[in-house]
There are 2 protein chains.
Amino acid sequence: MTVMFSKKCEYGLQAVLYLAAHMDRDAIPAEEVAGKLSIPKEFVSKILQSLTESGIINSRKGKSGGFSIAKDPKKIKLIDIVAAIDGLSMFNSCVMGFPNCDVNNPCPLHDKWGELRTKAYSMLTDENLDQFREKTLRKVSNL
Amino acid sequence: MTVMFSKKCEYGLQAVLYLAAHMDRDAIPAEEVAGKLSIPKEFVSKILQSLTESGIINSRKGKSGGFSIAKDPKKIKLIDIVAAIDGLSMFNSCVMGFPNCDVNNPCPLHDKWGELRTKAYSMLTDENLDQFREKTLRKVSNL
DNA sequence: GTTTAATCAGACAAAATAATCTGATTAAAG
DNA sequence: CTTTAATCAGATTATTTTGTCTGATTAAAC
């Protein structure tokens, strides 16, 4: 069981952080990303392809090709990756799965979950990819 | 996509809350629970069976049989249902799926997620089933 | 004791998610 | 221009999750 994102999304977050932490380098092949992060190569490749369509990363075909961050990493937030892969429905769904859970018809956890959800959203929007660089490098070097 | 629990767990939480909110009545058949909560009957039946094995609810076979809360609802917390169905791994896994994510080798979100996780745990442990009774009745009456 | 309405058990089916395979295309480098 | 190393596209497989079906068992009520 994953915590709150799909496996695809977890991998996507890891991979994009990896690319952002290595902006200084050229395009990075899917094989390297897969190897460093222990993700199946074809799977991470697919995920990065889809993020290319979303405009978050670039891809370059052919020899010495690979993937790289598409724009200024100061302008990319983790929420962008989550939105592109899992979507944002988790931020307006009832935590217990009740339908029509809103302020007029709240489930027993509505208020408490509401606070948590707001903080979870902040967690994904407060910092940009550039600000995660060092932490990512430290984590990746210990995998 | 569910928010943070599996569908099975969401249904389990809803169903147990329903039973707890109707403790005054006799055993409640799976069919009623399924109908009120719009959950497939056989599915909720399976879920309630498994919670019977976990000792959270009782079942009675035969005519006028059904399910009921097994013990004092003041002594049951939502976390008990989550633990029985999804397990507690979500409370010690990395939110981004990194391995070995701990204080010595944290992922970029480790600290922020740590706080959230603690609060999510509180959300499931602060109140007992009895305290959810009214809120549940209000919600269920508007489904 | 027969009928009826329920759980229970286990197999089965469908759908979603995760992962793999194959071959085509592309572009750098010799 | 040939080789090589990469993405890309799409089909396929595997696994997990979700949901369904069938029949056996149980117990209340008549």
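First the proteins, then the strands, lettered A, B, ... as listed; each starts at 1. Atoms considered below: every heavy atom in the structure, side chains included; atoms not considered: hydrogens, waters and symmetry mates. Just so it is clear, the structure is predicted and the values come from calculations on it, not from any experiment.
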ask   = Donor-acceptor pair, Gln131(B) side chain versus Asn128(B) backbone, under 3.5 Å?
value =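 Flag set: sc Gln131(B) to bb Asn128(B) pair under 3.5 Å.
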
task = Return yes if some donor-acceptor pair links the side-chain N/O of Arg117(A) with the main-chain N/O of Tyr121(A) below 3.5 Å, else return no.
result =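 Not at all, since once roles are kept as given, no pair shorter than 3.5 Å links the two residues.
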
inquiry  = As a test of reading the structure: which of dA9(C), dT20(C), dT7(D) is closest to the side chain of Gln49(B), going by heavy atoms?
reply    =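 Between dA9(C), dT20(C), dT7(D), the one nearest the side chain of Gln49(B) would be dA9(C).
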
Can you tell me the distance, in whole Å, between the [atom1] atom of [X] and the [atom2] atom of [N]?
| X | N | atom1 | atom2 | value |
| --- | --- | --- | --- | --- |
| Leu51(A) | dT7(D) | CG | C1' | 15 Å |
| Ile39(B) | dT20(D) | CD1 | P | 12 Å |
| Phe67(A) | dA5(D) | CZ | C1' | 13 Å |

query = Phe98(A) versus Pro108(A): any side-chain heavy-atom pair under 4.5 Å?
reply =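 Touching, per the 4.5 Å side-chain cut-off.
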
request  = If a protein heavy atom is under 4.0 Å from the base, mark B; if only from the sugar-phosphate, S; if neither, -; do that for nucleotides 10-18 of chain D going 5' to 3'.
outcome  = B-------S

task = Would you give a per-nucleotide map of nucleotides 22-30 of chain C, 5' to 3', where B means the base has a protein non-hydrogen atom under 4.0 Å away, S means only the sugar-phosphate does, and - means neither?
result = ----BBB--

message = Between Phe67(B) and Asn58(B), is the side chain to side chain contact (heavy atoms under 4.5 Å, CB included) condition met? List the steps.
response = CA-CA 6 Å; Phe67(B) 297 92; Asn58(B) 278 329; over 6 Å; no

message = Take a 6.0 Å sphere around CZ of Phe43(B) and say whether it holds more than 12 heavy atoms from other residues, nucleotides or ligands.
response =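 Above 12, so yes.
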
request  = Within residues 18-34 of chain B, find the residues that approach DNA chain C with a heavy atom at under 4.0 Å, and present them sorted by residue number.
outcome  =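 Pro29(B), Ala30(B), in order of number.
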
Residue pairs passing the salt bridge (charged side-chain N to carboxylate O under 4.0 Å, His left out) test where at least one lies in residues 125-142 of chain B, sequence neighbours excluded =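 Qualifying pairs: Lys112(A)-Asp126(B), Lys112(A)-Glu127(B), Asp24(B)-Arg133(B), Lys74(B)-Asp130(B), Glu134(B)-Arg138(B).
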
Less than 3.5 Å apart, which donor and acceptor atoms pair up between the side chains of residues 76-94 of chain A and the rest of the protein, not counting sequence neighbours?
unit_1: Lys77(A); atom_1: NZ; unit_2: Thr125(A); atom_2: O; d: 3.1
unit_1: Asp80(A); atom_1: OD2; unit_2: Lys77(A); atom_2: N; d: 2.8
unit_1: Asp86(A); atom_1: OD1; unit_2: Ser6(A); atom_2: OG; d: 2.6
unit_1: Asp86(A); atom_1: OD2; unit_2: Ser6(A); atom_2: N; d: 2.9
unit_1: Asp86(A); atom_1: OD2; unit_2: Ser6(A); atom_2: OG; d: 3.4
unit_1: Ser93(A); atom_1: OG; unit_2: Ser89(A); atom_2: O; d: 2.7

query = With sequence neighbours left out, what residues match Glu31(A) under salt bridge (charged side-chain N to carboxylate O under 4.0 Å, His left out)?
reply =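 Result, salt bridge (charged side-chain N to carboxylate O under 4.0 Å, His left out) vs Glu31(A): none returned.
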
key: Derivation and outcome, side chain to side chain contact (heavy atoms under 4.5 Å, CB included), residues Leu13(B) and Glu10(B)   = CA-CA 5 Å; Leu13(B) 289 166; Glu10(B) 286 183 354; 5.6 Å; no

